[in-house]
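Fair warning: this is a prediction, and the values are worked out from it, not measured in the lab.
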Amino acid sequence: MTPERSQAMRLALLLILATLAGVVTVLGFAPYRIYWIMPLSLAILANTLSRGGKHAFWLGYAWGLSSYLCNFNWIFISLHDVAGMPAWLAVPLTVLLPAYLALYPGLAAWMTIRIGDKCGAGAAERWLLLFPAAWTLMEWLRGWMLSGFPWGQVGYSQITESPLAGYAPVGGILLVTLLVALSAGGLQLAVSSGKWRRACLAAGLIALWGGGLALKPIAWTTPVGKPITVALAQGNVPQSLKWNPISFESTLRLYGQQIAETRADLMILPETALPALLSELPPNYIQILQSLANHNGMAVAAGVPRRSDSNPNGYLNSVVALTTPGMPYYAKNHLVPFGEFVPLPILTGWLYQWMNMPLSGFSRGGDQQAPLALAGQQIAFNVCYEDSFGEELIGPAAHSTMLANVSNLAWFGKSTAASQHLQLAQARALETGRFMLRSTNTGMTAIIRPDGAVDAIAAPFTRQVLLGFAEGRTGLTPFMRYGNLPVLLAGVLMLFAPLIRLRRRAPSERPRYRDHL
């Protein structure tokens, strides 16, 4: 066998190993929640990088592509099964997002090897500094580039079963991500280390994970006011019927009946529960809902699209406080590309002729919206995947006593999307030390405690009203005080520490870039 053929076969085996390591990450996230899978998967990737360094980007890309394809396969359901896009177009578009997102682990892998070789980093520097730093910074970058898509960050795999979840109120999900990658780097380093170093690494990992376990019981915020009874509606209206004129009246009757039969301090209806612009609902319908709610002594907030106050031709994906005088509202600010607004219409507008996508041109609500006063609480609402962006919720949470999310994941059928979304919401409750109330159309409707634990949950794809208790909380967690800045600074310092050391060495002592294959 020629050396070239031997190298090609070796590279192929490494790519297969990196791909399989990406595939198993689906078990790390909800609904499976096998949290130890994620550091093990990253450790396997790190091992392939150590043996195939000059192809680092493609090894990282193979890991990312397989991971994101497996975790986000529900994109196909939304495009093909629900929106009606033909399979020949839905399949490549389903691959498009994972193919883009995989650039970030690819770049993280490339940076780990390239910077390490450039500065002659030892194994400890490479896997305990460069790898976790590069991985974390790339995860942060994909969380805001092109409007951002932080869904699937490796830190979420630790929420809430893992000891590392205890670090979420301290430094947010980005700190948890850093510690997962650091743990993976420690495992990789242990593979090529002697007994003494392995013992030190084991002690370090035990201390790291034990520290998270010690942080878990800490209550970072304090109760304020009296606990309230909450009712979270789950209408279970199929997406195929949601905007169908034939089912319009039955949907309105459904939510009217749920309000009439519910006794609670606060009731929340899911995203776009009322499937028409607020101004175009039947005459007196809102007054009927208000009368029913007032008769039961209940505050009600409902997801309903409405016209923009500043732009009569624009409309907002909003949550309206129906029982509060003046009906104040929260309007979604972080919109979903292609789902709620059309990016680069000249280039992408033609796609919509293949999809049944009503209300795809929402306007942003603005980032300085006040919480809604309901049932004696100040409630900061977020809509659908807005709860993917932890740092964006810091301001609203600081001025509120509770968080609430309204969603409609009927777009994704009976996939893992709803379970993954619940895990994101648990992270937000942990980061802010506040209750998170989730009212969804088809699931996962839930009451989440400030420690991230699910206090009550409705069975998905059932029509019901989930009842439970929640209490207001006040105070700021460390993450709310400082956001992602400390973790980002730590990542930058970790990344550049070997380079700083290199600059202090004489030019003759500086290493040259070397290949690994």
For [X] and [Y], does a side-chain donor sit closer than 3.5 Å to a side-chain acceptor?
{"X": "N408", "Y": "Q239", "result": "yes"}
{"X": "H334", "Y": "D367", "result": "no"}
{"X": "W209", "Y": "S183", "result": "yes"}
{"X": "S415", "Y": "N73", "result": "no"}
{"X": "S439", "Y": "T445", "result": "no"}

Donor-acceptor pair, [X] side chain versus [Y] backbone, under 3.5 Å?
{"X": "S41", "Y": "A21", "answer": "yes"}
{"X": "R434", "Y": "A397", "answer": "yes"}
{"X": "E271", "Y": "G303", "answer": "no"}
{"X": "K216", "Y": "S162", "answer": "yes"}
{"X": "E386", "Y": "N405", "answer": "no"}
{"X": "R142", "Y": "P105", "answer": "no"}
{"X": "Q158", "Y": "Y35", "answer": "yes"}
{"X": "N333", "Y": "G366", "answer": "yes"}
{"X": "E139", "Y": "Q153", "answer": "no"}
{"X": "Q423", "Y": "I159", "answer": "yes"}

With sequence neighbours excluded, residues passing side chain to side chain donor-acceptor pair (under 3.5 Å) with [X]:
{"X": "Y61", "result": "none"}
{"X": "Q420", "result": "W74, W151, T416"}
{"X": "N236", "result": "none"}

Inter-residue atom distance [X].[atom1] - [Y].[atom2], 0.5 Å rounding:
{"X": "L409", "Y": "L422", "atom1": "CG", "atom2": "CG", "value": "10.5 Å"}
{"X": "L65", "Y": "L103", "atom1": "CG", "atom2": "CG", "value": "10.0 Å"}
{"X": "L17", "Y": "L13", "atom1": "CG", "atom2": "CG", "value": "8.5 Å"}
{"X": "I448", "Y": "R428", "atom1": "CD1", "atom2": "CZ", "value": "10.5 Å"}
{"X": "L40", "Y": "L45", "atom1": "CG", "atom2": "CG", "value": "11.5 Å"}
{"X": "C70", "Y": "L27", "atom1": "SG", "atom2": "CG", "value": "9.0 Å"}

The single option from W144, F72, F389 that satisfies ring-ring contact (aromatic ring centres under 6.0 Å, His included) with F149 is F72

CA sep, side-chain torsions, deciding dist, call: V383, Y330, side chain to side chain contact (heavy atoms under 4.5 Å, CB included): CA-CA 9 Å; V383 179; Y330 168 80; 3.9 Å; yes

Testing the basics here: between [X] and [Y], what is the closest heavy-atom pair and its distance to 0.1 Å?
{"X": "S419", "Y": "R33", "result": "O-NH2, 4.5 Å"}
{"X": "L129", "Y": "A497", "result": "CD1-CB, 4.5 Å"}
{"X": "V23", "Y": "S66", "result": "N-OG, 3.6 Å"}
{"X": "A380", "Y": "P396", "result": "CB-O, 3.7 Å"}
{"X": "A446", "Y": "I457", "result": "CB-CG1, 4.0 Å"}
{"X": "V237", "Y": "A410", "result": "O-CB, 4.3 Å"}

If we only count heavy atoms from C-beta on, is the [X] to [Y] side-chain gap below 4.5 Å?
{"X": "F57", "Y": "I113", "answer": "no"}
{"X": "L178", "Y": "M494", "answer": "yes"}
{"X": "H55", "Y": "L14", "answer": "no"}
{"X": "D387", "Y": "R438", "answer": "yes"}
{"X": "R126", "Y": "Q188", "answer": "no"}

With sequence neighbours left out, write down each residue that passes ring-ring contact (aromatic ring centres under 6.0 Å, His included) with W135, or none if nothing qualifies. W63, F131

Parallel under 30°, tilted from 30 to 60°, perpendicular over 60°: which one fits the rings of H80 and F76?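 Parallel: the ring planes of H80 and F76 meet at under 30°.
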
With under 30° as parallel and over 60° as perpendicular, where do the rings of Y104 and Y100 fit, or are they tilted in between? perpendicular

Exactly one of T136, L174, L205, L164 should register a side chain to side chain contact (heavy atoms under 4.5 Å, CB included) with L179. Which one does?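 Option passing the side chain to side chain contact (heavy atoms under 4.5 Å, CB included) with L179: L164.
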
Between L128 and L201, is a side chain to side chain contact (heavy atoms under 4.5 Å, CB included) present by the stated rule, with each step listed? CA-CA 10 Å; L128 299 183; L201 288 169; 4.3 Å; yes

Would L316 and K332 count as a side chain to side chain contact (heavy atoms under 4.5 Å, CB included) if you check the C-alpha gap in whole Å, the side-chain angles of each, and the deciding distance to 0.1 Å? CA-CA 7 Å; L316 307 167; K332 187 176 184 181; over 6 Å; no

So, is the end of the K414 side chain (NZ or CZ) under 6.0 Å from the ring centre of F461 and within 45° of the ring's axis? yes

Pair L49, W127 - check side chain to side chain contact (heavy atoms under 4.5 Å, CB included), show working. CA-CA 10 Å; L49 297 178; W127 302 118; 3.9 Å; yes

Ignoring hydrogens and angles, write down the donor-acceptor pairs under 3.5 Å from the side chains of residues 482-492, residues two or more places apart or on other chains.
{"from": "N484", "atom 1": "ND2", "to": "E391", "atom 2": "OE1", "distance (Å)": "3.2"}

Pair listing, salt bridge (Lys or Arg N to Asp or Glu O under 4.0 Å) test, anchored in residues 183-196, at least two apart: none

